[in-house]
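Here is the structure we will look at.
Computed from heavy atoms alone, side chains included, the values below leave out hydrogens, waters and symmetry copies. Remember, predicted model here, so these are calculated numbers, not experimental data.
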Amino acid sequence: MANLGGSASADIEAPLEQVWQIIRTSAVLPSGRAASTALSWTQEKGDMNSVVGSWQLTDLGDGRTRADYTLDIDPGRMLGLVIRGPVEAATRAIFVNGRPGELKRRAEAG
């Protein structure tokens, strides 16, 4: 089985600083005053062989932000046998495609 994952994006009607704050608190990062534009992570332990992900934010001006999300999951041989076809598509929809939309809803709700 190939790796799960992919990329998805959303244009958000909120300033970069506000979007970064949501990402920062969701990821439980230390407090900081400066807004950042990128966050990446790698799984340290768990049931998957590997999980690597990232957020990349771009200031679009006029209080708008583009959020690009990327996730790559190697489920390993055993889970890979279970996650196939429609289950693979549903898994990708939840873990990749839905994330920028969630961020957009939270940021635009204020």
For side-chain contact (heavy atoms from CB on, under 4.5 Å), just list the numbers for Thr37 and Asp59, CA-CA rounded to whole Å, side-chain angles, deciding distance to a tenth of an Å, and then say yes or no.
CA-CA 9 Å; Thr37 60; Asp59 187 343; over 6 Å; no
Could you grab the distance from atom [atom1] of [X] to atom [atom2] of [Y], nearest 0.5 Å is fine?
X      : Y     : atom1 : atom2 : result
Ser7   : Arg99 : OG    : CZ    : 14.0 Å
Leu71  : Ser54 : CG    : OG    : 8.5 Å
Asn49  : Gln43 : CG    : CD    : 8.0 Å
Arg64  : Leu16 : CZ    : CG    : 12.5 Å
Lys104 : Arg66 : NZ    : CZ    : 10.5 Å

Do Ser9 and Asp68 have side-chain atoms, one donor and one acceptor, less than 3.5 Å apart?
yes
Establish, from distance only, whether the side-chain atoms of Ser26 and Arg106 form a donor-acceptor pair under 3.5 Å.
yes
[X] versus [Y]: any side-chain heavy-atom pair under 4.5 Å?
X      : Y      : value
Tyr69  : Asn97  : no
Ile12  : Glu108 : yes
Leu103 : Ile22  : yes
Thr65  : Leu60  : no
Trp55  : Trp41  : yes

For Ala67 and Pro100 the tightest heavy-atom approach is O-CB, 4.4 Å
Closest contact, heavy atoms only, Val96 versus Ala8:
O-CB, 3.8 Å
Quick check: is Ile23 connected to Val52 through a chain of hydrophobic side chains (ILVMFWY, heavy atoms under 4.5 Å apart)?
no
Side chain Glu13, main chain Gly63, donor-acceptor under 3.5 Å:
no
Salt-bridge test for Glu102 and Arg105: reply yes if a basic N is under 4.0 Å from a carboxylate O, no otherwise.
no
